[in-house]
Visitor: 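Here's a structure for you.
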Amino acid sequence: MVENKPTEEVDVTKEWRASQDQKSGAKRLRLFAALAWVVAIGGEIAGIVLLRQHKFDHGNLALLIGILVGIAIFAIAGSLMWKAANKHDPARASEPFKFFVQNQLGAIITVVAFLPLLALIFFDKNMDPKNKKIAGSVGVVLALLATVIGIDFNPPSVEKYTQDMNQCAAQIKASQPTTACSPEVAEQAKQIAADSETVAAATKDDAHPAGQDVVYWIAPENGAKTSATPHVFHLCEAVSPLRGKTVNHGSVTEAYAQNASRITKQIAMEQSQCGFKKADASPSPSAT
């Protein structure tokens with residue numbers, strides 16, 4: 001039977017934070033999504049202008065349907081990219097308004113891109129009734145389809161990723177099947193679990209026979225939340241690479257969150273400088 005360990009021993013990740021690569025990927029996807037939505041709304045504006053110019057009163061049905069299809073294609077493309085971005089860099093469920101808007105923005109934009117144009121089609125008194133019925137019906141079907149695709153029925157959240165990564169890291173440390181390791185959390189959980197073990201092994205002393213989960217790194221520049229370039233984290237503030245620097249400290253996960261995402265390779269030297277007992281604390285795989 002597997003022994004149940006205290007939470008503090010397995011909860012090495014504290015809180016999930018998107019890595020720099022994940023944030024960069026999310027930013028690109030959101031930019032492309034925004035461009036797709038701009039095209040969709042541009043198509044709506046073009047349709048409205050043509051309607052007001054009475055271009056569809058007695059013909060051009062194919063053009064109107066083409067505009068509706070184009071709006072749907074770009075609205076759906078934007079929604080899919082936006083949802084993919086949210087998987088890389090999700091919102092917090094503890095912030096309900098932001099959480100709702102960020103995760104359902106695709107559906108919201110789709111409604112904005114369709115509703116005014118559809119309203120004008122149905123209330124246009126000059127359009128041929130048959131064409132109005134055909135165009136309106138096609139528009140409603142496309143709008144519903146694009147809206148449903150834009151809805152995220154199972155949105156990701158920082159809290160959910162934190163739970164998954166804690167479970168993933170615990171499974172890794174216990175050499176159990178990694179059932180909680182989704183692609184979004186797995187790599188970071190592996191690195192943090194390995195680095196946490198390395199730091200614990202390197203920071204053992206009389207006061208902390210099991211080691212610690214506290215590391216030190218150069219603080220982000222100009223008060224930023226995250227460093228623009230990756231940094232190394234260290235065993236204590238007194239090590240030579242940190243002298244004269246503004247230093248932050250915290251868990252391995254907190255270091256990762258500020259883009260200090262690699263443990264020092266000079267563990268033996270830093271153990272001596274920090275006053276820790278030298279032990280077998282080779283750098284984890286993430287340091288190579």
Visitor: Quick one: are Trp217 and Val247 in side-chain contact, heavy atoms under 4.5 Å?
Guide: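 Contact flag for Trp217/Val247 side chains = no.
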Visitor: At what distance, to the nearest 0.5 angstrom, does OG1 of Thr147 lie from CD1 of Ile108?
Guide: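 Result: 10.5 Å between the selected atoms.
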Visitor: Where is the tightest heavy-atom contact between Ala40 and Ala75, given as atom of each residue plus distance?
Guide: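 So the minimum-distance heavy-atom pair works out to CB-N, 3.9 Å.
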Visitor: Just wondering, are more than 12 heavy atoms of other shown residues or ligands nearer than 6.0 Å to NZ in Lys245?
Guide: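 Yes.
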Visitor: Working to the nearest 0.5 Å, report the span between CD of Glu95 and OG of Ser157.
Guide: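 Those atoms lie 11.0 Å apart.
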Visitor: Ignoring hydrogens and angles, tell me if any N or O in the side chain of Lys83 forms a donor-acceptor pair with the backbone of Ile149 under 3.5 Å.
Guide: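 Such a contact is found between Lys83 side chain and Ile149 backbone.
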Visitor: Report yes if some heavy atom in the side chain of Ile41 is under 4.5 Å from a heavy atom in the side chain of Phe74; otherwise report no.
Guide: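 Not in contact.
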Visitor: Write down the atom of Trp82, the atom of Leu105, and the distance for their closest heavy-atom approach.
Guide: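 Closest approach of Trp82 to Leu105, heavy atoms only: CZ2-CD2, 3.5 Å.
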Visitor: Say you draw a straight line from OH of Tyr161 to SG of Cys168; how long is it, rounded to the nearest 0.5 Å?
Guide: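 Reported to 0.5 Å precision, the distance equals 13.0 Å.
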Visitor: Quick one: closest heavy-atom pair of Gly47 and Phe56, and the distance?
Guide: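 So the minimum-distance heavy-atom pair works out to O-CE1, 4.1 Å.
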Visitor: Any chance you could lay out the side-chain contact (heavy atoms from CB on, under 4.5 Å) test for Met269 and Thr264, step after step, and finish with the verdict?
Guide: CA-CA 10 Å; Met269 180 193 76; Thr264 177; over 6 Å; no
Visitor: With a 4.5 Å cut-off on side-chain heavy atoms, are Lys133 and Pro129 touching?
Guide: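 The answer is no, as the side chains (C-beta and beyond) never meet within the 4.5 Å cut-off.
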Visitor: Do Ile73 and Leu35 sit in the same hydrophobic cluster, where Ile, Leu, Val, Met, Phe, Trp and Tyr count as joined when their side-chain heavy atoms come under 4.5 Å apart?
Guide: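 Result: no, two separate clusters.
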Visitor: Among all residues two or more places apart in sequence or in another chain, which pass the side chain to side chain donor-acceptor pair (under 3.5 Å) test with Asp205?
Guide: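 Checked Asp205 against side chain to side chain donor-acceptor pair (under 3.5 Å); matches are His208.
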Visitor: Under a 4.5 Å cut-off applied to non-hydrogen side-chain atoms, are Val215 and Ile263 in contact?
Guide: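 When only atoms from C-beta onward are counted, Ile263 and Val215 do not touch, as no gap falls below 4.5 Å.
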Visitor: CZ of Phe123: more than 12 outside heavy atoms within 6.0 angstrom?
Guide: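 Atom CZ in Phe123 is not crowded, with 12 or fewer foreign heavy atoms closer than 6.0 Å.
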Visitor: Determine whether Leu50 and Ile67 satisfy the following criterion, side-chain contact (heavy atoms from CB on, under 4.5 Å), listing intermediate values before the conclusion.
Guide: CA-CA 11 Å; Leu50 292 173; Ile67 290 173; 3.9 Å; yes
Visitor: For the side chain of Lys87 and the backbone of Glu184, is there at least one donor-acceptor N/O pair under 3.5 Å apart?
Guide: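 Checking the backbone N and O of Glu184 against the side chain of Lys87, no donor-acceptor pair under 3.5 Å is found.
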Visitor: Nearest 0.5 Å, what's the CZ-CG distance between Arg52 and Asp124?
Guide: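 With rounding to 0.5 Å, CZ (Arg52) is 9.5 Å from CG (Asp124).
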Visitor: What heavy-atom pair brings Ile48 and Leu117 nearest, and what distance separates the two atoms?
Guide: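 Taking every non-hydrogen atom into account, N-CD1, 3.8 Å.
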Visitor: Can you give me the closest heavy-atom contact between Trp37 and Ser79, atom names plus distance?
Guide: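 Minimum heavy-atom contact is NE1-N, 3.5 Å.
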Visitor: Determine whether more than 12 heavy atoms belonging to other residues, nucleotides or ligands lie under 6.0 Å from atom CZ of Phe32.
Guide: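 At most 12 heavy atoms, drawn from other residues, nucleotides or ligands, come within 6.0 Å of this atom.
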Visitor: Indicate yes or no: at least one non-hydrogen side-chain atom of Ile121 is less than 4.5 angstrom from one of Leu64.
Guide: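 They are in side-chain contact.
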Visitor: Going only through I, L, V, M, F, W and Y residues with side-chain contacts under 4.5 Å, is there a path from Val232 to Leu235?
Guide: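 Val232 does not cluster with Leu235.
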Visitor: With side chains defined as the heavy atoms from C-beta onward, is the minimum distance between Leu61 and Lys130 less than 4.5 Å?
Guide: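 Result no, sub-4.5 Å side-chain heavy-atom pair not found.
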Visitor: Under a 3.5 Å distance rule, please check whether Glu159 uses its side chain to pair with a backbone N or O of Ser94 as donor and acceptor.
Guide: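 Indeed, once roles are kept as given, a pair shorter than 3.5 Å links the two residues.
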Visitor: Show the numbers, then the answer: is there a side-chain contact (heavy atoms from CB on, under 4.5 Å) between Lys23 and Asp89?
Guide: CA-CA 6 Å; Lys23 287 183 177 180; Asp89 187 17; 4.2 Å; yes
Visitor: Within the structure provided, determine whether His88 and Arg30 are in side-chain contact (heavy-atom separation under 4.5 Å).
Guide: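 Not touching, per the 4.5 Å side-chain cut-off.
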Visitor: Determine the minimum heavy-atom distance between Val214 and His249, stating which atoms define it.
Guide: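 Taking Val214 first and His249 second, the nearest heavy atoms are CG1-CD2, 4.3 Å.
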Visitor: Check for me, please, whether Val111 and Leu120 land in the same ILVMFWY cluster - side-chain distances under 4.5 Å, paths through other members count.
Guide: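 Unlinked, Val111 and Leu120 end up in two clusters.
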Visitor: Do Leu29 and Val158 sit in the same hydrophobic cluster, where Ile, Leu, Val, Met, Phe, Trp and Tyr count as joined when their side-chain heavy atoms come under 4.5 Å apart?
Guide: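 In one cluster with Leu29: Val158, no.
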Visitor: Do Asn131 side-chain atoms and His58 backbone N/O form a donor-acceptor pair below 3.5 Å?
Guide: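 No, Asn131 side chain to His58 backbone: no donor-acceptor pair under 3.5 Å.
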Visitor: Could you check whether any side-chain heavy atom of His231 comes within less than 4.5 Å of a side-chain heavy atom of Asn248, counting everything from C-beta outward?
Guide: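 They are not in side-chain contact.
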Visitor: Within the distance-only criterion (no hydrogens, no angle test), does the side chain of Asn60 pair as donor or acceptor with the backbone N or O of Lys55 below 3.5 angstrom?
Guide: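 Yes; at least one donor-acceptor contact below 3.5 Å.
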Visitor: Does the Glu270 side chain pair with the main chain of His234, one donor and one acceptor, at a distance under 3.5 Å?
Guide: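 Pair absent, no side-chain N/O of Glu270 close to backbone of His234.
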Visitor: Examine distances only and state if a side-chain atom of Asn86 and a backbone atom of Pro155 form a donor-acceptor pair shorter than 3.5 Å.
Guide: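 No; judged by distance alone, with no hydrogens or angles, the pair does not exist.
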Visitor: Should Phe114 and Ile109 be counted in the same cluster of Ile, Leu, Val, Met, Phe, Trp and Tyr side chains packed under 4.5 Å apart?
Guide: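 No, Phe114 does not connect to Ile109 through the hydrophobic network.
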Visitor: So how far is it from Cys236 SG to Gln273 CD, rounded to the nearest 0.5 Å?
Guide: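 Cys236 atom SG to Gln273 atom CD measures 7.0 Å (nearest 0.5 Å).
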Visitor: Walk me through it: do Gln212 and Phe276 pass the test side-chain contact (heavy atoms from CB on, under 4.5 Å)?
Guide: CA-CA 11 Å; Gln212 305 175 61; Phe276 294 120; 3.7 Å; yes
